Peer 1: 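I'd like to ask some things about the structure below.
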2 protein chains.
Amino acid sequence: MLSREHYDEASRLQIFSGCRPETVAMLLEGAFLHKFPEGIDLAKEGELPDFLHVVVSGGVELYSRYRDRETTIEVIGPPNVFIAAAVVLDRPHLKSARVIQPARILMLPAASVRKALLEDAAFAARIAVELATAYRAATKDLKNQKLRTGLERLANWLTRRDSETGSTHRIVIPFDKKVLAAQLGMAPENLSRNFATLARFGVKVKGARIEIGDPVALENLAKPDPLIDDPSS
Amino acid sequence: MLSREHYDEASRLQIFSGCRPETVAMLLEGAFLHKFPEGIDLAKEGELPDFLHVVVSGGVELYSRYRDRETTIEVIGPPNVFIAAAVVLDRPHLKSARVIQPARILMLPAASVRKALLEDAAFAARIAVELATAYRAATKDLKNQKLRTGLERLANWLTRRDSETGSTHRIVIPFDKKVLAAQLGMAPENLSRNFATLARFGVKVKGARIEIGDPVALENLAKPDPLIDDPSS
DNA sequence: CGTGAGGTTGAGATCCTTCAACAGATGTGG
DNA sequence: CCACATCTGTTGAAGGATCTCAACCTCACG
């Protein structure tokens, strides 16, 4: 049960914009707004979803295992929703979710979400927008994986991250390098080697801090494509 | 404008089930139901979507280019919808679409779809289900790409295709091998070599016809995972 | 100071791509 | 009916990309 304060905060989230007040009330009825420390698992692949999760603050890593391998599918921050597809279809999670930066998470009961979907077109449309966005992000990642080499993916990650954080040409990797490696689809050792290769293009790495010495050279190598790299397209 | 006959056929499509008759009428108002021969491009990446497309029969390949490379993202048949995400968000296509088996396509005006989304919760919910399914398919493909080798992807494609077509242990590849290679994320030459490798596991290839001589051995190699390979999960 | 976790570097093996040549099937025009 | 062209797929050789295993390094922390 949410406090008055939390209720107000939650109801202002983008996911509820345009929805009927009754819909919001119903969704928040059995909702929780919890803080989670780093390392906690919020969902496990293969299990049925109990809640739709909204990241209010912090960071969450979505990852999957197969045989003895593991990969990161996505890292998400506020104000993003996750597990939406599993909730809508009432099917098992395809990905596990783990907190990688202390996070506040709003959890909406899955059954309420499915009910709201059929009762409030505005909410259904918002969920459709969320799903469409997530689908497009997955499509872009698929293109990134299939059409680029590891070095190109890294170069593009750097240019994109730089432009997202003010184009100061100074980046800080906000999580462990092995998470970045998995997200980019390469072994951690390979990430190191690719960083070493990028030194020739003016990229200096010191721990999690990265300086882009020659933005033009890097962008020339990366050859970013809006249909893969633009987060907003 | 649709004929009476086509109108009836179209209105029975799954995408309209549960929707209000007015919604269906509005959507079909400016709709087309066309036949397209093999090779025709139905959409081009980078362009804004004019129509939501529904495959009534035939096959459509969704593919993307980057630099001088090209890859197949997905091959879809009836009764699937495509370009839904671009239509919902009114953003450029991320993929091009090309007919690879003579197809009948129902085309719904994009503006009508977005209007219907806000007016009819049942339709919005159906679109959400379509998007959730497509998103999950993309997630599975991403896992397939990132967690498996080319040989494993091929082995799993064979076992999955076999079980989808009656488990007769005889498969026919329904399109060119180079399309299969691109879909599986490998060069055409590599597909040939991977087929040659699978001979050791009882797989016999003659043109587009494939015989699975030792299903157990193949499945043993493939190690299918419902969270990657089950089309219905 | 040891200890451990995260990261880097080196060496070898594997996976995969590219380029080139060739084979097989299909189709066309003479 | 044959010569030829074309398209698709196969095979070979070489090189590039990537992974694995192992050693080492660095730094924060008890």
Side-chain angles (χ1 to χ4, degrees), chain A residues 38-39 61 63 65-72 98 100-101 144-157 171-201 203-210 221-222, chain B residues 38-39 61 65-72 98 100-101 144-158 171-201 203-210 221-222:
Chain A
E38 192 175 327
E61 176 193 10
Y63 67 97
R65 281 183 216 279
Y66 172 71
R67 303 229 213 173
D68 60 339
R69 307 159 208 172
E70 177 179 320
T71 193
T72 301
R98 163 203 295 153
I100 53 170
Q101 284 159 12
N144 197 29
Q145 291 294 326
K146 292 178 78 172
L147 293 168
R148 283 181 174 151
T149 66
L151 185 65
E152 289 172 333
R153 292 196 293 277
L154 175 57
N156 277 290
W157 188 87
I171 307 175
V172 177
I173 307 175
F175 34 69
D176 285 350
K177 278 195 185 129
K178 60 175 151 187
V179 174
L180 177 59
Q183 200 187 341
L184 293 176
M186 62 183 79
E189 297 94 326
N190 220 335
L191 178 62
S192 275
R193 281 187 257 269
N194 281 327
F195 269 130
T197 303
L198 287 182
R200 280 188 254 125
F201 295 85
V203 174
K204 294 181 227 2
V205 181
K206 196 164 295 175
R209 246 174 299 279
I210 300 169
L221 171 69
Chain B
E38 192 176 327
E61 176 193 10
R65 282 182 215 276
Y66 172 71
R67 302 226 209 175
D68 59 339
R69 306 159 209 171
E70 178 180 319
T71 192
T72 301
R98 163 204 294 153
I100 53 170
Q101 283 160 13
N144 197 29
Q145 291 294 325
K146 291 179 79 172
L147 293 168
R148 284 178 175 154
T149 66
L151 185 66
E152 289 172 333
R153 291 196 293 276
L154 176 57
N156 277 290
W157 187 87
L158 290 173
I171 305 175
V172 177
I173 307 174
F175 35 68
D176 284 351
K177 278 194 184 129
K178 61 175 153 186
V179 174
L180 177 59
Q183 200 187 343
L184 294 175
M186 63 183 78
E189 296 95 324
N190 219 341
L191 178 62
S192 275
R193 282 186 254 270
N194 280 327
F195 269 129
T197 303
L198 287 182
R200 278 188 255 127
F201 296 85
V203 174
K204 293 181 227 5
V205 181
K206 196 164 297 175
R209 246 173 299 280
I210 300 170
L221 171 69

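Treat the numbers as computed from the prediction; the structure is a model and nothing was measured. Residue numbers start from 1 in every chain, and the chains themselves are labelled A, B, ... in the order their sequence lines are given, proteins ahead of strands.
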Peer 1: My understanding is that only residues two or more places apart in sequence, or in another chain, count here; which of them pass side-chain contact (heavy atoms from CB on, under 4.5 Å) with A/Lys204?
Peer 2: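 Residues passing side-chain contact (heavy atoms from CB on, under 4.5 Å) with A/Lys204: A/Glu211.
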Peer 1: Who are the side-chain hydrogen bond (donor to acceptor under 3.5 Å, both in side chains) partners of B/Glu70, not counting sequence neighbours?
Peer 2: B/Arg65, B/Arg98
Peer 1: When rounded to the nearest 0.5 angstrom, what is the spacing between CD1 in B/Ile171 and CZ in B/Arg209?
Peer 2: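 Taking CD1 in B/Ile171 and CZ in B/Arg209, the distance rounds to 12.5 Å.
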Peer 1: Nearest whole Å is fine: how far is D/dT10 P from B/Leu191 CG?
Peer 2: 7 Å
Peer 1: I'd like a list of close polar pairs between nucleotides 13-17 of chain D and the protein, N/O only, cut-off under 3.5 Å.
Peer 2:
residue : atom : partner  : partner atom : Å
D/dA13  : N6   : B/Arg193 : NH2          : 3.4

Peer 1: Would you list the pairs meeting salt bridge (Lys or Arg N to Asp or Glu O under 4.0 Å) in which at least one residue belongs to residues 145-155 of chain A, sequence neighbours left out?
Peer 2: A/Arg148-A/Asp229, A/Glu152-B/Arg67, A/Glu152-B/Arg69
Peer 1: Can you tell if the side chain of A/Arg200 reaches within under 4.5 Å of the side chain of A/Leu221, non-hydrogen atoms only?
Peer 2: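 SC-SC contact between A/Arg200 and A/Leu221 ruled out.
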Peer 1: To the nearest 0.5 Å, how far apart are CG in A/Asn194 and OG1 in A/Thr149?
Peer 2: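 Between atom CG of A/Asn194 and atom OG1 of A/Thr149 there are 7.5 Å.
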Peer 1: Ignoring hydrogens, what is the shortest heavy-atom contact between B/Val205 and B/Lys177? Give both atom names and the distance.
Peer 2: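 Nearest pair, atom of B/Val205 first, then B/Lys177: CG1-NZ, 4.0 Å.
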Peer 1: Would you kindly give the CD1-to-C1' distance between B/Ile210 and D/dG9, to the nearest whole Å?
Peer 2: 13 Å
Peer 1: Listed by chain and number, what are the side-chain contact (heavy atoms from CB on, under 4.5 Å) partners of A/Ser192, not counting sequence neighbours?
Peer 2: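 A/Ser192 satisfies side-chain contact (heavy atoms from CB on, under 4.5 Å) with no other residue.
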Peer 1: Rounded off to whole Å, could you give me the NZ-to-P distance for the B/Lys146 and D/dC19 pair?
Peer 2: 11 Å
Peer 1: Does A/Gln101 reach the main-chain N or O of A/Pro174 with its side chain, forming a donor-acceptor pair under 3.5 Å?
Peer 2: yes
Peer 1: Return a single string for nucleotides 24-30 of chain D, one symbol per nucleotide in 5' to 3' order, where B is base contact, S is sugar-phosphate-only contact and - is none, cutoff 4.0 angstrom on heavy atoms.
Peer 2: -------
Peer 1: So, using side-chain contact (heavy atoms from CB on, under 4.5 Å) as the criterion, who are the partners of B/Glu189 when residues are at least two apart?
Peer 2: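 For B/Glu189, the residues satisfying side-chain contact (heavy atoms from CB on, under 4.5 Å) (neighbours in sequence not counted) are B/Ala187, B/Arg193.
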Peer 1: Within residues 171-189 of chain A, which residues have any heavy atom lying less than 4.0 Å from an atom of DNA chain C?
Peer 2: A/Asp176, A/Lys177, A/Lys178, A/Glu189
Peer 1: Would a distance-only check, ignoring hydrogens and angles, find a side-chain to backbone donor-acceptor pair under 3.5 Å from B/Gln145 to A/Gly185?
Peer 2: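 Side chain of B/Gln145 to backbone of A/Gly185: no pair is present.
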Peer 1: Would you say the side-chain atoms of A/Thr72 pair up with the backbone N or O of A/Tyr63, donor to acceptor, closer than 3.5 Å?
Peer 2: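 Answer holds: no.
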Peer 1: 5' to 3' on DNA chain C, which nucleotides open and close the contacts with chain A (atom under 4.0 Å from a heavy atom)?
Peer 2: C/dG6 to C/dA11
Peer 1: Using side-chain heavy atoms (C-beta onward) and a distance below 4.5 Å, is A/Leu151 in contact with A/Leu198?
Peer 2: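 A side-chain contact under 4.5 Å exists here.
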